[in-house]
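Order of the sequence lines sets the chain letters (A, B, ...), proteins ahead of strands, with each chain counted from 1.
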2 protein chains.
Amino acid sequence: MATPLSSETSHTVRRTLEFVQHHRLAKGDRLPSERELSERFGVARSSVREALAVLDAMRITERRPKSGIYLRNAVEDGGLDALVLQADLGLTFDPQVTRDVTEARIICEEQALRLACQRRTDADLTRLHQSLQTYAATIQAGGDLAEADVDFHLALVAASQNRILVRTLTPLMLMSRRWRERYFESDAIRRRSLADHRAFVAAIEARDEVTAAAQVRRHVETAAADVRALAEQGGLAATNTT
Amino acid sequence: MATPLSSETSHTVRRTLEFVQHHRLAKGDRLPSERELSERFGVARSSVREALAVLDAMRITERRPKSGIYLRNAVEDGGLDALVLQADLGLTFDPQVTRDVTEARIICEEQALRLACQRRTDADLTRLHQSLQTYAATIQAGGDLAEADVDFHLALVAASQNRILVRTLTPLMLMSRRWRERYFESDAIRRRSLADHRAFVAAIEARDEVTAAAQVRRHVETAAADVRALAEQGGLAATNTT
DNA sequence: CTACCAATCTGGTCGGACCAGATCAAGCAA
DNA sequence: TTGCTTGATCTGGTCCGACCAGATTGGTAG
């Protein structure tokens, strides 16, 4: 439930990204050949190719047949999934990123909640209550709340009937999940979080756009501030690669 | 500049996604083994593995060592990059998706523009004017405006100083780019689009949040409506896979 | 019927091989 | 000397076969 990618592939993806950063390669620059990378990393070429296929799909690199591998975007750019991948690999822990993710989450979730108030169906309410149930149960059992949290927020956005918004939020939630694993250790926070979530559902049920929007904004901002405080206490290892 | 993925890998990714859809596999279901897929698709196992590495990174599948390949998400879910990939492969052309993408774009771009009005630097203005210049030049030369359009909108969002928003918008822009290739064939539209863009930059320069937000909303909505009209004229081949 | 063990299947990784186009430098011609 | 042709080299794309070790499963012995 936690493993992101198979060991060797992720290892090679990581090494490759590190190589790019270490050598300060810019957009359009060429990377070493597959054969050289495989030798340098001590893995077979087939493993390198798997990693490159991933980087290609992420739009980070571009493989030109018979020519070479080129950097399509700087490592800092690229798609959202690429960012999740980097987070999974422990390559991104920039405080700037956490700020930006929080901001983006608020933008998307606030508007999604407004839409949800307008369009939510009974099925959405059912799913939300179910997720809430799981959330409460997880608190009781002392389980991994981060996962339940992701599920709830995605259910929230799903009520907007906009699948693209769900897809947009998914990577943002996955990223912030990592930061919040420590965060959810506090019992007070766990309970407050549950209360917040219940309020969201109530607002959606009542189709109260204004309240829902204000609540989610405050919720995400508060959570982000708490995480930041934790980080400053030295709670999070910063692998600042920029 | 147009090629999304290498031929064979994308071919196999496509076949795999089609297999999943055709067999109506649900979350948690198991796919055939790599060896069987390679035989079924008529490609080497190494090619299948590259495709699976991509699907894995996209969080569509999950490969459990010594066990099998399982569907992590329904094909309709997954990350944003996965959607771009599907669009690249011609697997997604659902009118519902275009509506959702438009909605998501408006949400993100409108707020991004507001932030841009607050935070834009002189460097941002320079880049915007540069992009505008390229845009005008492309119109003159009769070139591919879709690409210049993506560049401009990303530059717009970049002025918000929020990299995550840029990453969020990137897949949305890449997707809509495909729909708009036909759209930009009309000369009237090309010119109107340029005028709109100039207005955005002016609003950002003047730090006029309200105007900028309203403009971008109208711009995206209008463009989406035009594309829809084109599609209904039979202008776009619908490969509705749902 | 249960419990245990071995054949089988699976993904993970490796190494080598061939192809055809891109690249580039050496050598030839002007 | 300069410019162009040409061939060796390099590169990614694809395929094949092999080995490993853990998961799975079926059959057999108790």
Side-chain angles (χ1 to χ4, degrees), chain A residues 1-17 19-20 23 25 28-73 85 88-89, chain B residues 1-17 19-20 23 25 28-73 85 88-89:
Chain A
M1 197 55 57
T3 309
L5 273 181
S6 87
S7 59
E8 200 62 26
T9 301
S10 75
H11 173 250
T12 306
V13 169
R14 179 205 193 100
R15 294 285 306 265
T16 305
L17 287 175
F19 178 92
V20 168
H23 289 261
L25 297 188
D29 283 353
R30 182 176 158 181
L31 278 71
S33 73
E34 297 181 348
R35 289 168 177 85
E36 192 184 330
L37 287 177
S38 85
E39 194 176 340
R40 185 189 293 264
F41 297 157
V43 299
R45 179 151 88 107
S46 52
S47 298
V48 172
R49 293 200 103 262
E50 275 190 47
L52 289 177
V54 171
L55 292 174
D56 245 39
M58 298 283 189
R59 301 179 170 273
I60 292 174
T61 62
E62 177 187 355
R63 291 183 285 179
R64 297 195 202 133
K66 292 72 192 284
S67 172
I69 309 159
Y70 300 83
L71 211 62
R72 195 195 308 247
N73 288 306
L85 182 66
D88 279 343
L89 299 176
Chain B
M1 198 56 55
T3 310
L5 272 183
S6 87
S7 58
E8 200 64 23
T9 301
S10 74
H11 172 249
T12 306
V13 169
R14 179 203 193 102
R15 293 286 303 268
T16 306
L17 287 175
F19 178 92
V20 169
H23 289 261
L25 296 189
D29 284 353
R30 180 176 160 182
L31 278 71
S33 72
E34 297 182 349
R35 289 168 176 86
E36 191 182 330
L37 287 177
S38 85
E39 194 176 341
R40 186 190 294 263
F41 297 156
V43 298
R45 179 153 86 110
S46 52
S47 297
V48 171
R49 293 200 101 260
E50 276 190 46
L52 289 178
V54 171
L55 292 174
D56 244 39
M58 297 282 189
R59 300 176 172 274
I60 292 175
T61 62
E62 177 187 354
R63 292 184 285 180
R64 298 196 202 131
K66 292 67 190 293
S67 172
I69 309 159
Y70 300 84
L71 210 60
R72 192 193 312 242
N73 287 306
L85 181 68
D88 278 343
L89 299 176

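- The phosphate of C:dT10 has neither OP1 nor OP2 within less than 4.0 Å of any side-chain N or O from B:Arg64.
- Atom CD of A:Glu50 is separated from atom P of D:dT14 by 14 Å (rounded to the nearest Å).
- Backbone-only contact: B:Ile69 has heavy atoms under 4.0 Å from sugar-phosphate atoms and none from a base.
- Atom P of nucleotide D:dG17 and atom CD of B:Glu39 are separated by 12 Å, given to the nearest angstrom.
- Here the C1' atom of nucleotide D:dG13 and the CD atom of A:Glu62 are 15 Å apart, to the nearest Å.
- At whole-Å resolution of the value, CG in A:Leu37 and C1' in D:dC10 are 14 Å apart.
- The residue A:Ser46 sits close to a base: some heavy atom pair falls under 4.0 Å.
- Atom-to-atom, CD of A:Glu34 to P of C:dG16 comes out at 16 Å; the value is rounded to the nearest Å.
- Residue A:Thr12 comes nearest to A:Val48 through the heavy atom pair CG2-CA, 4.0 Å, listed as atom of the first residue, atom of the second, then distance.
- Rounding to the nearest 0.5 Å places CG of A:Leu37 at 6.5 Å from CG of A:Leu52.
- To the nearest 0.5 angstrom, B:Ile69 atom CD1 is 13.0 Å from B:Arg72 atom CZ.
- Taking 3.5 Å as the limit, the base of D:dG13 and the side chain of A:Arg49 contain no donor-acceptor pair of atoms between them.
- Of the candidates B:Arg40, B:Glu39, B:Glu34, B:Glu36 forms a side chain to side chain contact (heavy atoms under 4.5 Å, CB included) with just one, namely B:Arg40.
- Nearest-nucleotide assignment on DNA chain D puts the 5′-proximal partner with B:Val43, out of B:Ser67 and B:Val43.
- In terms of heavy atoms, B:Arg63 sits closest to B:Ala53 at NH2-CA, 3.4 Å.
- Rounded to an integer number of Å, the gap from B:Arg63 CZ to C:dT13 C1' is 12 Å.
- Nucleic acid contact for A:Ser33: sugar-phosphate only, since backbone atoms but no base atoms lie under 4.0 Å from a heavy atom of the residue.
- The nearest heavy atom of DNA chain D to B:Arg35 and to B:Ser47 marks one nucleotide each, and the one closer to the 5' end goes with B:Ser47.
- Taking 3.5 Å as the limit, the base of C:dG15 and the side chain of A:Arg45 contain no donor-acceptor pair of atoms between them.
- If you measure from atom CG of B:Leu52 to atom P of C:dT10, you get 13 Å, rounded to the nearest angstrom.
- Rounded to an integer number of Å, the gap from NZ of B:Lys66 to P of D:dG22 is 6 Å.
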